[in-house]
There are 2 protein chains.
Amino acid sequence: MRMSDAIAAYILHMMETSSDGSAELQRNELAGEIGCVPSQINYVLSSRFTPQQGYLVESRRGGGGYIRVSRIRLAPEVSMLTHVVNSIGDTLVASAAQAIVQNLFDGGFLTEQAARTIAAAVSDRAYHQIPVGQRDRVRADMMKYMLTAATMS
Amino acid sequence: MRMSDAIAAYILHMMETSSDGSAELQRNELAGEIGCVPSQINYVLSSRFTPQQGYLVESRRGGGGYIRVSRIRLAPEVSMLTHVVNSIGDTLVASAAQAIVQNLFDGGFLTEQAARTIAAAVSDRAYHQIPVGQRDRVRADMMKYMLTAATMS
DNA sequence: TTGATCTTGACCTTTACTGACCAAACGAAT
DNA sequence: ATTCGTTTGGTCAGTAAAGGTCAAGATCAA
């Protein structure tokens, strides 16, 4: 198992077991327990706990410093999908697209069938006929059209 | 025996003997064992483990990367979708795509949200960045991937 | 012969990991 | 209040470790 996955799992577990659903940790201590360099914690936070994936990360340096990770509170349905659509730029990489779909599904904004369908439509394998340099643009378009349509249900 | 057949057989064997019916492999390692170049694994996956043939391929790059191949479980009630997927050729015009979606929705094979989503993804508007002559090919691909994904649960 | 399928290798993109160096917050001494 | 050492976390560039793409050539089958 990748070390990054172990770190992510650890943080997720902390979030699940804590009373308020957030994880509060100390960077050096966690790095010591898991056995990695401290900066890898930052790598995991920035690659797997981004706002687009539905997480909020706050931190403080100095004595008594901490890192707190919590799930972003989800807004009402229509405004959530609209907000996500508006946040998508002209291009969208496959991994970011998958994260968006996962987050919307977790938040209950997409049915399982719709989520699976969208995930398939934005996966890299669906674009093999399209030149590599253009895929992310088409994907962004596709995602916006689909989420907009999903909103109207 | 062709090398591609050997690779396909190897993957199939992995799937049969694994506990969950899926094969998880590392591209370079498998290429080394079988004695072919790594990229041939991709060729085999894209020619013999397509959604139309009933397989789902997922992969991840980077350290600790992997390729996972699994067989799509087909429930009796979704044989309709399977049949539709198989009946789609290499190209698919927008009007035919809309008709297919409408029929599947009417038949109760798609939820309303999924139907709206798919309809958006195969509508002409979604393809304005793609050269006209290529749209129907991409659309056919997109439709097959989405319907295949929609059959899974 | 000719079109489809197979094979290969050079080059590319993404993801993971590490460590040196940086920046901020705290607290005690002045 | 200022200074300064200590304790945190932050950044970034480099390296390594995967898988992906593409086009050219080889082989096979009709």
Side-chain angles (χ1 to χ4, degrees), chain A residues 1-11 23-50 52-53 56-69 91-99 122-139, chain B residues 1-11 23-50 53 56-69 90 134 138 141:
Chain A
M1 192 187 197
R2 291 191 207 76
M3 197 155 285
S4 293
D5 289 337
I7 296 169
Y10 193 104
I11 294 173
E24 189 160 322
L25 55 99
Q26 300 228 295
R27 194 180 74 149
N28 290 351
E29 183 189 319
L30 177 54
E33 276 181 35
I34 292 188
C36 67
V37 294
S39 61
Q40 191 159 6
I41 307 290
N42 297 85
Y43 170 70
V44 171
L45 291 172
S46 63
S47 64
R48 289 152 145 87
F49 293 90
T50 67
Q52 278 225 319
Q53 291 171 54
L56 173 67
V57 177
E58 303 160 285
S59 67
R60 212 177 159 90
R61 308 186 191 192
Y66 61 85
I67 297 176
R68 185 166 47 228
V69 185
T91 70
L92 182 65
V93 300
S95 55
Q98 299 296 340
V122 297
S123 85
D124 246 341
R125 291 182 204 288
Y127 294 84
H128 63 85
Q129 292 196 46
I130 300 175
V132 174
Q134 214 184 344
R135 289 180 190 173
D136 292 345
R137 293 190 170 277
V138 176
R139 194 191 334 264
Chain B
M1 190 187 199
R2 281 197 218 74
M3 188 115 284
S4 292
D5 290 336
I7 296 168
Y10 193 104
I11 294 173
E24 188 160 323
L25 55 99
Q26 300 229 295
R27 196 182 72 149
N28 289 352
E29 184 190 316
L30 177 54
E33 277 181 33
I34 292 189
C36 66
V37 294
S39 61
Q40 191 158 9
I41 308 288
N42 297 83
Y43 171 71
V44 171
L45 290 172
S46 63
S47 63
R48 289 149 134 99
F49 292 89
T50 66
Q53 288 159 315
L56 174 67
V57 178
E58 303 160 286
S59 67
R60 230 180 136 161
R61 304 189 188 186
Y66 62 84
I67 297 175
R68 184 164 47 229
V69 186
D90 289 342
Q134 213 183 346
V138 176
D141 254 18

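So that the names make sense, note that chain A is the first sequence line, chain B the second, and so on, each numbered from 1.
Under the side-chain contact (heavy atoms from CB on, under 4.5 Å) criterion, B/Ala9 pairs with no residue, sequence neighbours left out. Residues passing the salt bridge (Lys or Arg N to Asp or Glu O under 4.0 Å) test with B/Arg27, sequence neighbours excluded: none. Residues passing the ring pair (Phe, Tyr, Trp, His ring centres under 6.0 Å) test with A/Phe49, sequence neighbours excluded: A/Tyr55. Contacts of B/Gln40 classified as side-chain hydrogen bond (donor to acceptor under 3.5 Å, both in side chains), with partners at least two apart in sequence or in another chain: B/Ser4. Every side-chain hydrogen bond (donor to acceptor under 3.5 Å, both in side chains) that A/Thr50 has, sequence neighbours left out, goes to A/Gln53. A/Tyr43 pairs by the side-chain hydrogen bond (donor to acceptor under 3.5 Å, both in side chains) definition with nothing, not counting sequence neighbours.
Rounded to an integer number of Å, the gap from B/Gln40 CD to D/dA26 C1' is 12 Å.
Between A/Asp5 and A/Arg48 there is a salt bridge, with a side-chain nitrogen of the basic residue lying less than 4.0 Å from a carboxylate oxygen of the acidic one.
For DNA chain C, the outermost nucleotides in 5' to 3' order that have an atom under 4.0 Å from a heavy atom of chain A are C/dT15 to C/dC26.
Applying the salt bridge (charged side-chain N to carboxylate O under 4.0 Å, His left out) test to residues at least two apart or on different chains, the pairs with a partner in residues 58-69 of chain B are B/Glu24-B/Arg68, B/Glu58-B/Arg68.
The residue among A/Asp136 and B/Ile7 whose nearest nucleotide of DNA chain C lies closer to the 5′ end is B/Ile7.
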Protein-proximity profile, nucleotides 16-22 of chain D, B/S/- by nucleotide at the 4.0 Å heavy-atom cutoff, equals -BBBBBS
